[in-house]
S.K.: 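Questions regarding the structure given below will be posed in turn.
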Amino acid sequence: NLVRVMQVRGQEQAAQARVDKLLAAGAEDVPEELRVRMLWLRVKLSFDNDQPGAALRQADELLATLTGVSQLAADLRNEVSSTTRLLKAQALLALGKDEAGFAVLDALRTNFHASAAAEYSYLIQAGFLTQRGDLAGAQRVLINFVDTAEYRGSDFAPLALYQTALLLERQGLDRQLEEAYKLLERIVRDYPRDGLVFNARLKQGDLLRKLNNFPAARQVYEYLVNNYPGHP
């Protein structure tokens with residue numbers, strides 16, 4: 001909890017030093033479950049502190065450690081195993097090892113397909129492709145995610161649809177703006193309780209303006225004003 005507070009305050013380096021100190025001194029007195037959690041936290045802090053090389057090494061060490069840990073709840077083991085593999089993939093991508101990073105993501109989706117890490121891996125891959133300028137590739141990854149039957153109920157599905165719409169908007173052709181509008185409508189229709197519904201409607205208004213359909217855009221904005229009066 002203390003380390004998390006330090007992260008929120010922007011004290012990532014100090015947080016990392018505290019975790020390293022705990023693991024280096026008196027580690028034999030730390031219960032297995034807490035030690036595994038701290039080892040995972042060390043990987044996360046290394047990656048967040050722009051140390052992908054250290055994160056990659058520590059991720060491999062943690063995965064090796066898990067094989068020797070016997071007294072660990074199955075759900076915690078699966079969570080740590082899946083999220084560590086996701087961090088490993090991110091570290092590989094940050095180091096420019098694209099092929100190896102994508103291979104880890106594919107293995108994660110195969111071996112831990114029901115995990116939140118596997119679901120979020122699609123957004124990670126799409127974000128990497130977007131940074132590289134491959135908007136079409138990022139779009140394919142996100143659509144593949146939301147159109148996979150077992151992931152349609154994922155908490156990340158609305159975000160994937162929204163990000164796909166933004167990618168289409170960046171490409172700028174009228175047909176792409178219209179496709180983006182339809183994807184945003186899927187958020188409103190299929191995930192009516194999600195926090196992105198307001199953003200989706202607002203973006204629809206923006207897209208309608210870009211399509212020179214100002215009357216329809218005005219209706220969208222008026223709908224938001226009337227139905228979300230307390231929204232910032």
S.K.: For a 4.5 angstrom cut-off between non-hydrogen side-chain atoms, does H113 reach E119?
M.R.: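 Answer no - side chains too far apart.
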S.K.: Are F145 and V104 in one and the same hydrophobic cluster, where Ile, Leu, Val, Met, Phe, Trp and Tyr link if side-chain heavy atoms are under 4.5 Å apart?
M.R.: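 In one cluster with F145: V104, no.
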S.K.: Is the backbone of Y151 close enough, under 3.5 Å, to the side chain of T148 for a donor and an acceptor to pair up by distance?
M.R.: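 Absent.
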S.K.: Look at atom OH of Y162 and say whether more than 12 heavy atoms of other residues, nucleotides or ligands are closer to it than 6.0 Å.
M.R.: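 Counting neighbours around OH of Y162, more than 12 heavy atoms of other residues, nucleotides or ligands fall under 6.0 Å, so yes.
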S.K.: Determine whether D174 and L177 make a side-chain contact, defined as any pair of heavy atoms from C-beta on separated by less than 4.5 Å.
M.R.: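 Yes, their side chains come closer than 4.5 Å.
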S.K.: Can D147 and R186 be counted as an ion pair, charged N to O under 4.0 angstrom?
M.R.: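 Yes, D147 and R186 are salt-bridged.
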S.K.: Given the rule in the side-chain hydrogen bond (donor to acceptor under 3.5 Å, both in side chains) test, do Q139 and Q163 qualify, once you have shown the distances and angles that lead to the verdict?
M.R.: CA-CA 8 Å; Q139 180 182 328; Q163 290 188 352; over 6 Å; no
S.K.: Taking the side chain as every heavy atom from C-beta outward, state whether L161 and L196 have any pair of such atoms under 4.5 Å apart.
M.R.: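 A side-chain contact under 4.5 Å is absent here.
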S.K.: For R35 and P31, indicate whether the former's side chain and the latter's backbone hold a donor-acceptor pair under 3.5 Å.
M.R.: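 Pair absent, no side-chain N/O of R35 close to backbone of P31.
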S.K.: Are L184 and L207 close enough that some pair of their side-chain heavy atoms sits under 4.5 Å apart?
M.R.: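 Result yes, sub-4.5 Å side-chain heavy-atom pair found.
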S.K.: V188 and A200: which non-hydrogen atoms are nearest, and at how many Å?
M.R.: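 Where V188 meets A200 most closely, the heavy atoms are CG2-CB, 4.3 Å.
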S.K.: Is it true that, when you exclude D50 itself, more than 12 heavy atoms of the residues, nucleotides or ligands shown sit nearer than 6.0 Å to its CG?
M.R.: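 It does not: D50 CG has 12 such atoms or fewer within range.
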S.K.: Take S46 and Q16 through the test side-chain hydrogen bond (donor to acceptor under 3.5 Å, both in side chains) and record every step on the way to the result.
M.R.: CA-CA 7 Å; S46 293; Q16 187 173 8; 3.1 Å; yes
S.K.: With the threshold set at 4.0 Å, does a side-chain nitrogen-carboxylate oxygen contact exist between E12 and K44?
M.R.: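 Salt bridge between E12 and K44, a charged N being under 4.0 Å from a carboxylate O: no.
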S.K.: To the nearest 0.5 angstrom, please state how far the CG atom of L39 sits from the CG atom of L34.
M.R.: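 That separation rounds to 9.5 Å.
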S.K.: List the steps, then state whether side chain to side chain contact (heavy atoms under 4.5 Å, CB included) holds for V43 with T83.
M.R.: CA-CA 10 Å; V43 180; T83 53; over 6 Å; no
S.K.: E33 and R77: salt bridge (Lys or Arg N to Asp or Glu O under 4.0 Å), yes or no, with the steps?
M.R.: CA-CA 9 Å; E33 179 177 324; R77 182 183 295 275; over 6 Å; no
S.K.: With side chains defined as the heavy atoms from C-beta onward, is the minimum distance between R152 and V146 less than 4.5 Å?
M.R.: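 R152 does not reach V146 side chain to side chain.
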S.K.: Are L87 and L76 joined in one hydrophobic group, where the rule is that I, L, V, M, F, W and Y side chains link up if heavy atoms are under 4.5 Å apart?
M.R.: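 Linked within one cluster.
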S.K.: Let me confirm one number: the CD-CG distance from Q219 to N213, rounded to the nearest 0.5 Å.
M.R.: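 Going from the CD atom of Q219 to the CG atom of N213 covers 8.5 Å.
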S.K.: Got more than 12 heavy atoms from elsewhere within 6.0 Å of CZ, R189?
M.R.: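 Counting neighbours around CZ of R189, more than 12 heavy atoms of other residues, nucleotides or ligands fall under 6.0 Å, so yes.
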S.K.: Is it true that W40 and L56 fall in one hydrophobic cluster, defined by side-chain heavy atoms closer than 4.5 Å?
M.R.: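 No, because W40 and L56 fall into different hydrophobic clusters, even though each may have its own neighbours under 4.5 Å.
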S.K.: Heavy-atom count check: over 12 atoms from other residues, nucleotides or ligands less than 6.0 Å from E99 CD?
M.R.: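 Counting neighbours around CD of E99, 12 or fewer heavy atoms of other residues, nucleotides or ligands fall under 6.0 Å, so no.
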S.K.: Classify the ring geometry between H231 and F198 as parallel (under 30°), tilted (30 to 60°) or perpendicular (over 60°).
M.R.: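 Ring orientation of H231 relative to F198: parallel.
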S.K.: Search all heavy atoms of L93 against all heavy atoms of F128 and return the closest pair with its distance.
M.R.: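 Smallest heavy-atom distance, with atoms named: O-CE1, 3.7 Å.
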S.K.: If you take all heavy atoms of T84 and V80, which pair is closest and at what distance?
M.R.: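 T84 and V80 have their closest heavy atoms at OG1-O, 2.6 Å.
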S.K.: For a quick check under 3.5 Å, do Q171 and Q176 share a side-chain donor-acceptor pair by atom type?
M.R.: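 Short answer, yes.
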S.K.: Between atom OH of Y120 and atom OG of S154, what is the distance when rounded to the nearest 0.5 Å?
M.R.: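 These two atoms lie 11.5 Å from each other.
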S.K.: Can you give me the closest heavy-atom contact between Y191 and V197, atom names plus distance?
M.R.: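 Smallest heavy-atom distance, with atoms named: O-CG2, 3.2 Å.
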S.K.: May I ask you to decide if A118's main-chain N or O and S121's side chain share a donor-acceptor pair within less than 3.5 Å?
M.R.: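 Between the backbone of A118 and the side chain of S121 there is a qualifying donor-acceptor contact (under 3.5 Å).
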S.K.: Between atom CD of Q125 and atom CG of L108, what is the distance when rounded to the nearest 0.5 Å?
M.R.: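 If we round to the nearest 0.5 Å, Q125:CD and L108:CG are 11.0 Å apart.
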S.K.: I'd like to know if E178 pairs up with K210 as an ion pair, taking the criterion as any Lys NZ or Arg NE/NH1/NH2 lying under 4.0 Å from an Asp or Glu carboxylate oxygen.
M.R.: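 No, this pair does not count.
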S.K.: Which one of D20, V19, L62 satisfies the side chain to side chain contact (heavy atoms under 4.5 Å, CB included) criterion with M38?
M.R.: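 Considering D20, V19, L62, a side chain to side chain contact (heavy atoms under 4.5 Å, CB included) with M38 is found only for V19.
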S.K.: Using 0.5 Å steps for rounding, measure from the CZ atom of F156 to the CG atom of D194.
M.R.: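 It comes to 11.5 Å.
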S.K.: Any non-hydrogen side-chain atom of Y221 less than 4.5 Å from a side-chain atom of D206?
M.R.: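 Heavy-atom side-chain distance check passes, below 4.5 Å.
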S.K.: Taking side chain as C-beta onward, heavy atoms only, is L45 less than 4.5 Å from L41?
M.R.: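 The answer is yes; the side chains approach within 4.5 Å.
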S.K.: For the residue pair R109 and Y122, would you count it as a cation-pi contact if the rule is NZ or CZ under 6.0 angstrom from the ring centre and within 45 degrees of the ring axis?
M.R.: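 Yes.
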S.K.: How far apart are the closest heavy atoms of A138 and A126, and which atoms are they?
M.R.: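 Closest heavy-atom pair between A138 and A126: CB-O, 3.4 Å.
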S.K.: Whether the Q204 and R201 side chains hold a donor-acceptor pair (N or O, under 3.5 Å, no angle test) is what I'd like checked.
M.R.: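 Distance-only check passes for Q204 and R201.
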S.K.: Is it the case that the side chain of N49 and the backbone of Q51 share a donor-acceptor pair, with hydrogens and angles ignored and the cut-off at 3.5 Å?
M.R.: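 Not confirmed, N49 side chain does not pair with Q51 backbone.
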S.K.: So if you build clusters from Ile, Leu, Val, Met, Phe, Trp, Tyr with side-chain heavy-atom gaps below 4.5 Å, do I124 and L142 land together?
M.R.: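 In one cluster with I124: L142, yes.
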S.K.: So which atom in L167 and which in T130 form the shortest heavy-atom distance, rounded to 0.1 Å?
M.R.: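 Nearest heavy atoms, L167 then T130: CD2-OG1, 3.6 Å.
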S.K.: Sub-3.5 Å donor-acceptor pair from the side chain of N111 to the main-chain atoms of A107, do we have one?
M.R.: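 Yes: the side chain of N111 pairs with the backbone of A107.
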S.K.: Look only at the side chain of S115 and the backbone of F112, and say whether a donor-acceptor pair between them is shorter than 3.5 Å.
M.R.: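 Yes, the answer is positive, given that a donor and an acceptor are paired below the 3.5 Å cut-off.
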S.K.: Just how far is it from atom CG of L23 to atom NZ of K21, taken to the nearest 0.5 Å?
M.R.: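 It comes to 12.5 Å.
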S.K.: Determine whether Y181 and F214 fall in the same hydrophobic cluster, where Ile, Leu, Val, Met, Phe, Trp and Tyr are linked whenever their side-chain heavy atoms lie under 4.5 Å apart.
M.R.: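 Hydrophobic grouping puts Y181 apart from F214.
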S.K.: Quick check: are there more than 12 heavy atoms from other residues, nucleotides or ligands sitting under 6.0 Å from CG of D155?
M.R.: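 No - once you tally the heavy atoms of other residues, nucleotides and ligands closer than 6.0 Å, there are 12 at most.
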S.K.: Between R175 and E179, is there a salt bridge with N-O shorter than 4.0 Å?
M.R.: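 No, no charged N to carboxylate O under 4.0 Å.
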S.K.: Could you tell me whether the side chain of F102 reaches within less than 4.5 Å of the side chain of L92, counting heavy atoms only?
M.R.: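 In short, these two side chains do not touch, never coming nearer than 4.5 Å.
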